[in-house]
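Beneath this line is the structure, given in structure tokens, with notes to follow.
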2 protein chains.
Amino acid sequence: MSHISEPTVRRLSNYYRVLEEVAAEGKRMISSQLLAEREGITSAQVRKDLSAFGSFGRRGLGYHVEHLRDEIRALLGLDRRWKACIVGAGHIGSALVSYRGFADQGFDVIAVFDADQDRVGRTLEGLVVRHISQLGPKEGFEIGVIATPVRAAQEVADALVAAGVQGILNFAPRKLKVPASITLRTVDMTMEFESLSYALTHTSDSGPRRRRSAPRRRA
Amino acid sequence: MSHISEPTVRRLSNYYRVLEEVAAEGKRMISSQLLAEREGITSAQVRKDLSAFGSFGRRGLGYHVEHLRDEIRALLGLDRRWKACIVGAGHIGSALVSYRGFADQGFDVIAVFDADQDRVGRTLEGLVVRHISQLGPKEGFEIGVIATPVRAAQEVADALVAAGVQGILNFAPRKLKVPASITLRTVDMTMEFESLSYALTHTSDSGPRRRRSAPRRRA
DNA sequence: ATCCGTTCGTGAATTATTTCACTAACTGCG
DNA sequence: CGCAGTTAGTGAAATAATTCACGAACGGAT
């Protein structure tokens, strides 16, 4: 388990979800082959990923579904809960507060902040929106979620770091600067839109429209 | 421009945003070095990415900010508009309808569907939520956005394909099966949560808690 | 006009990731 | 028990992505 690559962790996440489904279907064992088919990858990839953490399967039989699921849950750190706050009570922030997936994965949202006085005082899912100036280290937030407009994102990140969070989940489409000791993950929808736009532009029947750009000479 | 890798396209997206900022700051030229610093990558990476599409810079000077921005905009297919519909008028769907980023990147949301009769008929940003059964090929949707619970996602994907969309943007945390001719991009928040959880678990002061799993012998 | 400092574009080298292909472990059957 | 069929685990090979490092092009100073 020397070093685990980011792609491996992401796939672990996928395996976990497949295993939950398969467990719900009542299957006891699953082979790397079947697991791989559900994900559209190769069985060797599955075995390689899992073997980076230990030896969870049995030759000739496959993996015990519930056992592997629990192992991965532990590996991902999903067997504990995290105290989280959300900054930004706009559309995305509101959606996140209500999002069940958060709680399901062990994130307890215990506060919501916003800079806009019009939003402060409103209630979201039983939480009163508080002014951003109240964000501090007192409440022991472990994770901060940034759901603000992009222009405020860096400032909020700094405030979260000052408040002592260990990790930040950023929904603003911008690379943020945080100390190396803080873990940052960015969910960049914009990038996905653009990646989709690129793919559509370059695979559609009309074909890629290569615009020749004349070599620029002086102004 | 033989083949462009997915990571390259994603970085292109980032460069585009940096260039918009830099243009707003009034700078005329930017070097690969400066562009790279903003993204936290190497200058060689920037040059390599861009050179896959053409020769946009000038030696000794760098890249002309507005020119490069416009080139990338065209490369990403952002110089046209796409007719999109959103399926799912819950928290995430509602947030997406209101999300300015969509319109900014050229996605015109012209319809919202939902399976829940309680939501049908409501108005979101001037659009009346319609029943999913009305989703069909008549309106010429080019892109479909899935913002439903995970259990409905595959069914909705099939319906979108039947309605003739070319691309699907999926916010449900599951791998979907679509024909090879359809482009699919998934924004998987759950995976990002879990990746964050993994990182926090394995970098925190307490260190990785390696749970030894005894080799499983027969039941 | 020549030199100097800068910076792009790019083949080569390096590093990372995935896939191959083989061995070992296991079940079940005769 | 021994054999046939299956499947995990894994070093080696192949592929992909990143970084290095150098030649060429450019503006500006002397």
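Naming convention: chains lettered A, B, ... in sequence-line order (proteins, then strands); numbering from 1 in each chain.
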Next on the checklist: Walk along nucleotides 5-15 of chain C from 5' to 3' and tag each nucleotide B, S or - by protein heavy-atom contact under 4.0 Å, base first, then sugar-phosphate.
Outcome noted: -BBBBBBB---
Next on the checklist: Between the side chains of B/Arg10 and A/Glu192, is the shortest nitrogen-to-carboxylate-oxygen separation below 4.0 Å, so that they form an ion pair?
Outcome noted: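 Looking at B/Arg10 together with A/Glu192, the answer is yes, because their closest N to O distance falls below 4.0 Å.
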Next on the checklist: Closer than 4.0 angstrom, basic N to acidic O: yes or no for A/Glu6 and A/Arg185?
Outcome noted: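 Salt bridge: yes.
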Checklist entry - For B/Leu76 and A/Thr201, which heavy atoms make the closest approach, and how far apart are they? => result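 Minimum heavy-atom contact is O-OG1, 4.0 Å.
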In whole Å, I'd like the distance from the [atom1] atom of [X] to the [atom2] atom of [N].
{"X": "A/Met29", "N": "C/dT27", "atom1": "CE", "atom2": "C1'", "value": "11 Å"}
{"X": "A/His3", "N": "C/dA16", "atom1": "NE2", "atom2": "C1'", "value": "11 Å"}
{"X": "B/Glu39", "N": "D/dT18", "atom1": "CD", "atom2": "P", "value": "13 Å"}
{"X": "B/Glu6", "N": "D/dT18", "atom1": "CD", "atom2": "C1'", "value": "17 Å"}
{"X": "A/Ile41", "N": "D/dA16", "atom1": "CD1", "atom2": "P", "value": "17 Å"}

Item to check | B/Val187, B/Asn14, B/Val9 screened by side-chain contact (heavy atoms from CB on, under 4.5 Å) with A/Met191, the one that passes | outcome: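 That would be B/Asn14; it is the only one of B/Val187, B/Asn14, B/Val9 passing the side-chain contact (heavy atoms from CB on, under 4.5 Å) with A/Met191.
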Item to check | Parallel, tilted or perpendicular, as decided by the 30° and 60° cut-offs, for the rings of A/Phe193 and B/Phe102 | outcome: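 If you compare the ring of B/Phe102 with that of A/Phe193, the planes turn out parallel.
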Item to check | Chi angles and distances behind the ring pair (Phe, Tyr, Trp, His ring centres under 6.0 Å) call for B/Tyr198, B/His202 | outcome: CA-CA 6 Å; B/Tyr198 174 86; B/His202 292 257; 4.0 Å; yes
Checklist entry - At under 4.0 Å, does any side-chain N or O of B/Gln45 touch on OP1 or OP2 of D/dA17? => result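 The answer is no; no side-chain N or O of B/Gln45 sits under 4.0 Å from OP1 or OP2.
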Checklist entry - Just how far is it from atom CZ of A/Arg80 to atom CZ of A/Arg73, taken to the nearest 0.5 Å? => result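 It comes to 15.0 Å.
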Item to check | Atom pair NZ/CZ of A/Lys175 and B/Arg38 - distance to nearest 0.5 Å | outcome: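 Spacing of NZ (A/Lys175) from CZ (B/Arg38) equals 13.0 Å.
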Checklist entry - By a strict heavy-atom criterion of less than 4.0 Å, which residues belonging to residues 11-24 of chain A are in contact with DNA chain D? => result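 Residues of residues 11-24 of chain A under 4.0 Å from DNA chain D: none.
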Next on the checklist: Over all strands shown, is A/Ser5 touching base, sugar-phosphate only, or nothing at heavy-atom distances under 4.0 angstrom?
Outcome noted: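 Sugar-phosphate, no base atom in range.
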